[in-house]
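As a basis for the values below, the full set of heavy atoms in this structure was taken, side chains included, without hydrogen atoms, waters or symmetry mates. We name chains A, B, ... by the order of the sequence lines, and we start the count at 1 in each one.
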There are 2 protein chains.
Amino acid sequence: MRWDGLHVIDREGPTPLYVQVADAVEARIKTGDLPVDRPIPSENQLVQEYEIARGTARKTIQLLRERGLVVTIVGRGTFVRPHPD
Amino acid sequence: MRWDGLHVIDREGPTPLYVQVADAVEARIKTGDLPVDRPIPSENQLVQEYEIARGTARKTIQLLRERGLVVTIVGRGTFVRPHPD
DNA sequence: TACCATTTGTCCGTATGTATG
DNA sequence: CCATACATACGGACAAATGGT
């Protein structure tokens, strides 16, 4: 069975949507579900998977960059960086 | 006289650009100016004719698809469907 | 075979306006 | 006032499919 991660999102709670989605993606990176040097879900895919606006998806990816987890290449996508461990 | 449809577009009004352009193209379909099984203007042609961004042209065509007026074939174009009437 | 132009598909980046809490 | 979230609109870059040379 495939896990879409939808159930971890709480739209009523105090945590911003983009932080919740970033946490969910970070978890998938940490477990290896999203492998190093492979792309994470695109903005539009995040929009569909989590039912969020594109601006929210962009904030999610920006936060993941600030956390040092991913690098973005214009016109290609956002990729998982090698883990520092 | 030739009608370019440009003058019907209102960039200040409340109606989104892509809806206005879709309405204009739908009118051309309804009058037979764009015949059945023939292509409508390509995305790039809509960009030039209406002076809009390509993303706006894509939303226009997507809306026409949702209205059931056209079908799109990758690498070929978007074509007028047979009228249901 | 290879190449090329056209067209649609898919990405990212940016900006503005509106609405809500 | 400010942060969050969504919708609209613009721009650029690259990929895939098609059809022709």
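Residues near B/V74 contribute nothing to a hydrophobic cluster around it, because no ILVMFWY side-chain heavy atom sits closer than 4.5 Å to its side chain. In this structure, B/V71 belongs to a hydrophobic cluster whose other members, linked by side-chain heavy atoms under 4.5 Å apart, are B/I73, B/F79.
In this structure, CD1 of B/I40 is placed 12 Å from P of C/dT7, rounded to the nearest angstrom. Rounded to a whole Å, the CG atom of A/D10 is 15 Å from the C1' atom of D/dT4. Atom P of nucleotide D/dA7 and atom CD of A/E51 are separated by 12 Å, given to the nearest angstrom. Rounded to an integer number of Å, the gap from B/R54 CZ to C/dG9 P is 8 Å. D/dT4 atom P lies 15 Å from atom CD1 of A/I9, rounded to whole Å. What separates CD1 of B/I73 from C1' of D/dG19 is a distance of 13 Å, to the nearest Å. Atom CG in B/L46 sits about 17 Å away from atom P in C/dT6, given to the nearest Å. One interatomic measurement links the two molecules: CG of A/L17 to P of D/dA3, which rounds to 17 Å at whole-angstrom precision.
Shown here are the side-chain contact (heavy atoms from CB on, under 4.5 Å) partners of B/R58, two or more places apart in sequence or in another chain: B/E43, B/R54. Residues that satisfy the side-chain contact (heavy atoms from CB on, under 4.5 Å) test with A/T56, not counting sequence neighbours, are A/L17, A/Y18, A/I52, A/A53. Every residue meeting the side chain to side chain donor-acceptor pair (under 3.5 Å) condition with B/D33, not counting sequence neighbours, appears here in chain and number order: B/R28. The side chain to side chain donor-acceptor pair (under 3.5 Å) check on B/Q20 picks up nothing, with sequence neighbours excluded.
Annotation: side chain to side chain donor-acceptor pair (under 3.5 Å) contacts involving residues 73-82 of chain B, sequence neighbours excluded, comprise B/T72-B/T78. Residue pairs meeting the salt bridge (charged side-chain N to carboxylate O under 4.0 Å, His left out) criterion with at least one member in residues 13-26 of chain A, sequence neighbours excluded: A/D23-A/R67, A/E26-A/K30, A/E26-A/R67.
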For this session: Test side chain to side chain contact (heavy atoms under 4.5 Å, CB included) on A/L46 and A/V25 and set out the steps.
Result: CA-CA 10 Å; A/L46 290 179; A/V25 174; 4.2 Å; yes

Exercise. Taking it one step at a time, do B/V19 and B/L63 satisfy side chain to side chain contact (heavy atoms under 4.5 Å, CB included)?
Worked result: CA-CA 8 Å; B/V19 175; B/L63 181 53; 4.1 Å; yes

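Of all nucleotides listed (D/dT8, D/dC6, C/dT8), C/dT8 comes nearest to the side chain of B/E43. Closest to the side chain of B/R76, out of D/dC10, D/dC6, D/dG19, is D/dG19. In this structure, of C/dG9, D/dA5, D/dC10, it is D/dC10 that holds the atom nearest to the side chain of B/A53.
Considering only heavy atoms from C-beta on, B/I29 comes within 4.5 Å of B/V70 through its side chain.
Against DNA chain C, the stretch residues 55-64 of chain B makes heavy-atom approaches under 4.0 Å through B/R58.
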Taking N or O atoms only and anything under 3.5 Å, show me the protein contacts with nucleotides 16-21 of chain C, one pair per line.
none

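Rounded to 10 degrees, the angle separating the terminal helix axes of the helix from C/dA2-D/dT21 to C/dG21-D/dC2, each built from five base pairs, is 10°.
Here the CZ-OG1 distance, from B/R65 to B/T60, works out to 11.0 Å after rounding to the nearest 0.5 Å.
In this structure, B/Y18 does not reach the D/dA9 phosphate: none of its side-chain N or O atoms is under 4.0 Å from OP1 or OP2.
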